[in-house]
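As structure tokens, the structure follows; a few thoughts come after it.
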Amino acid sequence: MMRTHGARRLAAAFILVTLLWGGVFPRLMRWGPLARHIELMDRREVNVAAMYYTELERLPLRPLWFEQRVLLWPDGRAGMASSSGRE
Amino acid sequence: MSDSARSRLFVAEDTAASLIGLVILVLALAVTWQARPGEQADSRQLFPKGWPTPLAATIDRPQAWSDAPLQSFRDKKGFSIVGPILLGMGWVVLVGAAGARLGGATLRRFLPGGIALAGLGGVAWFLAAQTLIHAFNLEYPLWALAIGLLIGNTVGVPRWLASALNGEFLIKTGLVIFGAEVLVSRLLELGLPGLMTSWLVTPVVLVASYWAGVHILRIPSRSLCMVVSADMSVCGVSAAIATAAACRAKKEELSLAIGLSLFFTVIMMVAMPPFIAWSGMDPIVGGAWLGGTIDATGAVVAAGESLGPEAGQVAATVKMIQNSMIGLIAFAVAVYWTGWVDRTGHASPGSLGAEVWRRFPRFILGFLFASLACSWLFSSGPAQALWVDGAITGFTSRLRGWLFCVGFVCMGLQTNFRELAPALVSGRPLLLYVGGQLLNLVLTLAMASLTFGWLFRKVVEP
């Protein structure tokens with residue numbers, strides 16, 4: 001009896017997930033502000049779901065403009081980072 | 001089970017996780033070295049994510065899809081990735097089987113459940129890959145936990161599946177592999193202002209919120225206070241996983257911390273950029289503020305990029321420096337827990353070192369070893385940096401994601417809704433998170449303004 005009840009609840013959850021992922025979310029993502037956010041992230045190649053920096057589409061590397069505007073190391077050791085990107 | 005027997009079991013599982021994790025890292029580095037490029041091997045421009053590795057073809061996960069679910073099984077160029085996804089599941093089954101074998105279980109008992117769990121992990125990836133979900137940082141751990149919770153709390157876990165549930169082992173192995181991504185050398189990327197913003201504020205917020213959780217909010221579980229404080233002050237889910245393993249938090253506590261972190265990450269990702277733009281804050285200071293406060297890395301970059309590319313780059317790099325604190329924090333938490341919080345009553349006062357060593361979670365040593373070895377290799381030269389980056393981004397990071405994902409499915413299957421209820425109803429973990437995050441916001445803004453906005457600011461304007 002308990003098992004049948006549980007199976008019904010699991011089936012209901014499966015139907016809900018199918019409706020949400022198959023119908024509601026695809027429609028919702030076309031709504032103005034959401035669509036603009038998604039389009040911007042696509043254009044900038046941002047993996048919003050990245051849990052750690054290694055999962056980003058581009059590894060964050062220090063750009064040249066940043067070195068020109070910010071004093072990185074007071075004693076002039078600006079070049080000591082081994083992987084800085086020059087953009 | 002007696003305490004000593006349980007302790008032996010922990011050591012065995014931790015040792016197995018460390019061994020398997022380190023073997024995988026050596027394999028990834030060796031294969032990437034064998035396939036190293038013949039020319040311009042030290043060119044970051046040519047290989048922005050490191051040297052390509054042949055192992056990348058053996059593992060992938062469902063890609064972002066909008067309204068046609070089958071898009072998920074094709075890469076950006078339109079090629080099918082069904083094979084690499086199945087092989088990714090195969091890697092998880094292989095790691096799980098090795099762990100089961102080292103733990104004394106038979107493969108015949110493990111394999112049916114192991115394959116089913118890998119399949120459920122694939123479903124979690126698929127749900128997380130829907131574009132709307134993906135664009136708001138609702139990461140795969142949430143769906144993996146939800147799938148496990150749903151099955152475990154409706155139809156229950158059949159015996160054939162229960163015999164393959166080794167989520168803790170998968171997560172520990174994933175953490176050892178994850179050590180290779182925690183590159184201490186990357187700390188130098190943003191110089192002193194970045195270090196001050198990330199490394200001064202983060203420990204202060206972590207310790208202050210843990211203390212407030214234990215002494216002011218009087219949350220009964222210290223491990224819950226620690227996991228919530230770490231995921232809020234360091235870097236979200238990944239920090240929660242590492243500290244939960246280091247202080248042996250309950251599955252329910254880790255699930256709750258992850259839920260809180262993902263919920264507030266979405267709110268902060270959406271609300272902070274308009275506030276920064278409205279206040280007229282400098283994009284560099286704004287980016288540093290985002291990087292130091294929003295939990296999840298992807299959400300930090302998304303929020304930064306919505307302010308502009310400058311803010312996006314600074315935010316990502318500050319977050320990266322904060323990311324690299326995980327190793328040190330996990331180690332410190334493990335020492336503190338084994339030495340002070342979780343200390344057995346019969347230990348003599350003079351035996352603190354021995355007690356810490358006896359109960360120390362060994363896989364943390366594997367994690368630290370991987371981190372230090374890869375950091376050393378990474379800082380040896382530009383070619384070595386590309387070697388490490390290639391092995392990580394092409395293989396180990398993906399495998400770590402799969403191991404965590406299936407580990408979370410296992411955790412969900414073993415979690416009872418009812419055990420989550422008291423913590424949820426009291427609302428105190430929520431108060432802890434909100435209070436700690438407010439402190440984090442204020443201190444990080446002050447430090448970012450001080451360092452990036454004034455102390456280390458050059459006079460050159462763009």
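The structure presented is a predicted model; accordingly, all values stated were derived computationally and were not measured.
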Calculate, to the nearest 0.5 Å, the distance between atoms [atom1] and [atom2] belonging to [X] and [Y] respectively.
| X | Y | atom1 | atom2 | value |
| --- | --- | --- | --- | --- |
| A/Leu20 | B/Leu127 | CG | CG | 10.0 Å |
| B/Leu192 | A/Leu71 | CG | CG | 8.5 Å |
| A/Asn47 | B/Asn137 | CG | CG | 9.0 Å |
| A/Leu16 | B/Leu150 | CG | CG | 10.0 Å |

Beyond-backbone contact of [X] with [Y], side-chain heavy atoms, under 4.5 angstrom:
| X | Y | answer |
| --- | --- | --- |
| A/Phe66 | B/Ile284 | yes |
| A/Arg30 | B/Asp67 | yes |
| B/His134 | A/Met41 | no |
| B/Val301 | A/Val48 | no |
| B/Asn323 | A/Met51 | no |
| A/Arg58 | B/Gln313 | no |
| B/Ser66 | A/Met29 | yes |
| B/Ser306 | A/His37 | no |

Under 4.5 Å heavy-atom distance to chain A, tell me which part of [X] shows up: side chain, backbone, both or neither.
| X | result |
| --- | --- |
| B/Val314 | side chain |
| B/Ile392 | side chain |
| B/Leu386 | neither |
| B/Asn153 | backbone |
| B/Arg398 | neither |
| B/Leu183 | both |
| B/Pro69 | neither |

A/Leu40, part contacting chain B, at a heavy-atom distance under 4.5 Å:
side chain
State yes or no: are the ring centers of A/Trp21 and B/Trp143 separated by less than 6.0 Å?
yes
Heavy-atom pairs under 4.5 Å with chain A: which of [options] has the most?
| options | answer |
| --- | --- |
| B/Ile326, B/Val182, B/Leu138, B/Ile151 | B/Val182 |
| B/Phe136, B/Tyr140, B/Phe404 | B/Phe136 |
| B/Glu139, B/Met269, B/Glu181 | B/Glu181 |
| B/Asp295, B/Thr317, B/Ile133, B/Val300 | B/Ile133 |
| B/Gly50, B/Ala68, B/Ala64, B/Ala135 | B/Ala135 |

Relative to each other, are the rings of A/Tyr52 and B/Phe178 parallel, tilted or perpendicular (30° and 60° limits)?
perpendicular
Answer yes or no: are there more than 12 heavy-atom neighbours, outside A/Arg27 itself, under 6.0 Å from its atom CZ?
no
For B/Glu305, is there any backbone N or O sitting under 3.5 Å from a side-chain donor or acceptor partner on A/Arg44?
yes
Should A/Glu57 and B/Lys76 count as an ion pair when the cut-off is N to O under 4.0 Å?
yes
Which residue out of A/Thr54, A/Leu34, A/Val46 racks up the most heavy-atom pairs below 4.5 Å with chain B?
A/Thr54
